[in-house]
Amino acid sequence: MALSRDQMAIRVARELQDGYYVNLGIGIPTLVANFIPDGMQVMLQSENGLLGMGAFPSVENVDADMINAGKQTVTAVPGSSIFSSAESFAMIRGGHVDLTVLGAFEVDVSGNIASWMIPNKLIKGMGGAMDLVAGADNIIVTMTHASKNGDSKLLDVCSLPLTGKGCIKKVLTDLAWLEIENGAFVLKERAPGVSIEEIKAKTQGRLIVPDHVPEMVF
Amino acid sequence: MAGFDKVVTTYEDALSGLKDGMTVIAGGFGLCGIPENLIAEIKRLQTKNLTIVSNNCGVDGFGLGILLEDKQVSKMVSSYVGENALFEKQLLNGELDVELTPQGTLAEKMRAGGAGIPAFYTATGVGTPVAEGKDTRFFNGREYLLEEAITGDFAIVKGWKADRYGNVIYRHTAQNFNPMAATAGKITVVEVEELVEVGELDPAHIHTPGIYVDRVIVGTFEKRIENCTTSE
């Protein structure tokens with residue numbers, strides 16, 4: 001079975017470490033906040049200028065001046081800080097954020113990522129994604145392994161305009177956990193009940209399959 | 001006005017001197033911390049052919065989105081415009097030019113503009129469409145892009161509290177791009193929720209020192225919420 005969105009978030013949450021400052025992108029990455037292990041301190045950075053993002057507010061505590069990068073109303077945890085966009089991106093570009101999790105349309109074997117633009121179709125902009133991928137050492141990309149039409153999103157060369165060049169090393173799809181090493185995707189783990197054949201069939205880029213590929217356990 | 005007193009009492013005075021073809025830098029992130037009354041005044045003035053530098057372009061019918069309705073904007077410099085159908089339509093029609101700029105680069109362009117730094121190198125955007133036509137250089141084995149600073153004829157800013165001298169503090173995440181925008185305008189106009197006495201703000205807690213600010217006006221704000229999410 002392919003992983004659910006929550007299972008993907010749970011798998012990403014296993015990469016968290018105590019004391020990490022983490023930036024979570026929109027979509028599945030946001031769900032990771034729901035699965036921070038008990039007893040672990042993690043501080044969430046929101047690139048609009050909040051370090052220490054908390055849960056959504058109660059109805060009576062909704063405040064138009066208190067939002068996250070997804071423009072959702074949020075709260076701040078004790079010990080948080082609020083600052084300007086320039087300060088926020090100084091943290092990001094300066095490599096001070098320990099882990100960045102974001103979605104993508106495509107990644108390729110060179111660690112390139114395309115996540116912001118489909119020519120002649122969708123024009124939204126890159127937001128902070130280019131800064132995040134250029135500034136972070138430790139990035140996890142979350143996405144479905146293939147499109148609804150079955151087209152692989154793990155490619156030899158990205159077909160869409162890039163968000164960043166040579167910056168991605170870890171990818172979690174609904175089918176597998178992969179790491180990019182020496183110009184190939186290395187299959188590290190597979191979703192429960194998903195065969196290596198299915199992953200091979202849905203991976204267009206060069207794929208290395210080690211002798212033993214454990215199934216994720218939930 | 002006398003001495004350091006920057007207060008104006010009408011929006012007409014607040015934007016006096018705004019002309020067709022000018023560049024306006026606006027603070028705000030989404031609809032949070034936007035100078036909504038100054039934007040409404042630009043709409044009333046019907047100033048045309050504007051270049052607007054702002055992270056986003058409001059939504060249809062609110063914020064900077066209202067300036068698209070009468071085609072007052074010829075160019076937007078933004079990082080994300082996904083919340084605005086009219087924007088996308090005018091862009092695809094070729095009625096509107098857009099310079100999509102990474103969010104951190106946009107913040108830094110404003111900061112550099114206000115600080116007298118004409119350009120800076122950043123790794124953001126290397127190898128992407130953002131890099132097209134820009135100089136690159138290697139530092140310590142890594143490639144960086146040369147990005148130019150931005151300044152505006154006007155900067156329009158939303159603060160929480162200000163004193164008459166133009167010292168400003170922002171409230172929560174309504175800070176966002178406002179402090180950088182405030183530094184980067186030839187004429188910087190700040191609209192605030194509350195005017196306080198000079199000396200009332202703790203000098204060490206001021207976000208934008210009055211030296212950057214030319215005009216202060218007190219407004220009332222709708223503060224529309226884009227995505228109201230609650231724990232219930």
Side-chain angles (χ1 to χ4, degrees), chain A residues 46-50 53-76 82-93 112-114 116-117 119-135 161-167, chain B residues 27 29-33 55-56 78-83 87-88 91-92 98 100-108 110-112 122-131 143-145 160 170-181 207 221-232:
Chain A
S46 189
E47 64 264 27
N48 58 314
L50 170 60
M53 179 169 55
F56 294 145
S58 60
V59 172
E60 56 272 24
N61 286 324
V62 165
D63 186 333
D65 292 335
M66 199 58 222
I67 66 164
N68 66 14
K71 287 126 184 168
Q72 297 170 309
T73 46
V74 291
T75 58
I82 293 175
F83 34 81
S84 73
S85 300
E87 185 77 48
S88 179
F89 282 93
M91 293 172 194
I92 290 165
R93 293 165 173 233
N112 298 325
I113 173 172
W116 71 284
M117 184 190 183
N120 303 320
K121 198 175 165 195
L122 178 80
I123 306 159
K124 291 200 169 197
M126 68 292 282
M130 285 190 183
D131 306 281
L132 283 160
V133 298
L162 296 185
T163 307
K165 193 171 106 176
C167 47
Chain B
F29 183 95
L31 300 181
C32 182
N55 188 53
N56 314 93
S78 302
S79 88
Y80 192 80
V81 292
E83 318 297 347
F87 187 99
E88 213 165 308
L91 185 61
L92 291 170
V98 68
L100 288 172
T101 304
Q103 198 173 128
T105 296
L106 185 61
E108 194 65 14
M110 291 184 197
R111 198 194 71 78
T122 177
T124 300
V126 168
T128 77
V130 167
E143 191 178 10
Y144 293 83
L145 276 189
W160 179 28
Y170 304 96
R171 187 168 176 275
H172 301 334
T173 61
Q175 182 173 165
N176 56 59
F177 282 84
N178 281 297
M180 285 74 67
H207 293 121
F221 297 85
E222 177 186 335
K223 290 203 198 177
R224 195 179 291 188
I225 293 174
E226 210 162 330
N227 284 324
C228 188
T229 45
T230 65
S231 52
E232 277 112 273

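Only heavy atoms go into these numbers, but all of them, side chains included; no hydrogens, no water, no symmetry mates. In the text below, chain A, chain B and the rest are named by the order of the sequence lines, each starting its count at 1. None of the values given here were measured: they were computed from a predicted structure.
The two residues H172(B) and D63(A) come nearest to each other via the heavy atoms CD2-OD2, 3.4 Å.
If you run side chain to side chain contact (heavy atoms under 4.5 Å, CB included) between Q72(A) and each of N227(B), I225(B), T230(B), only N227(B) comes through. Looking at R111(B), Q175(B), M110(B) one by one, the single match for side chain to side chain contact (heavy atoms under 4.5 Å, CB included) with S84(A) turns out to be Q175(B).
Contact annotation for N55(B): neither backbone nor side-chain heavy atoms come within less than 4.5 Å of a heavy atom of chain A. Contact of L92(B) with chain A is made through the side chain alone, with heavy-atom distances under 4.5 Å. Heavy atoms closer than 4.5 Å to chain A are found in the backbone of T101(B), but not in its side chain. Proximity to chain B involves both the backbone and the side chain of A86(A), based on heavy atoms less than 4.5 angstrom apart.
Side chain of R171(B) to main chain of D65(A): no donor-acceptor pair is present (N/O by atom type, distance under 3.5 Å, no hydrogens or angles). The closest donor-acceptor contact from the side chain of D131(A) to the backbone of Q103(B) lies under 3.5 Å.
Checked for salt-bridge contact, K165(A) and E143(B) meet the test: a charged N lies under 4.0 Å from a carboxylate O.
Counting only heavy atoms from C-beta outward, the side chains of W116(A) and P129(B) approach each other to under 4.5 Å.
Rounded to the nearest 0.5 angstrom, S46(A) OG and F29(B) CZ are separated by 6.5 Å.
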Stepwise side chain to side chain donor-acceptor pair (under 3.5 Å) check, T73(A) with T229(B): CA-CA 5 Å; T73(A) 46; T229(B) 45; 3.2 Å; yes
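Most heavy-atom pairs under 4.5 Å with chain A, from the set V126(B), N178(B), T105(B), V81(B): that is T105(B).
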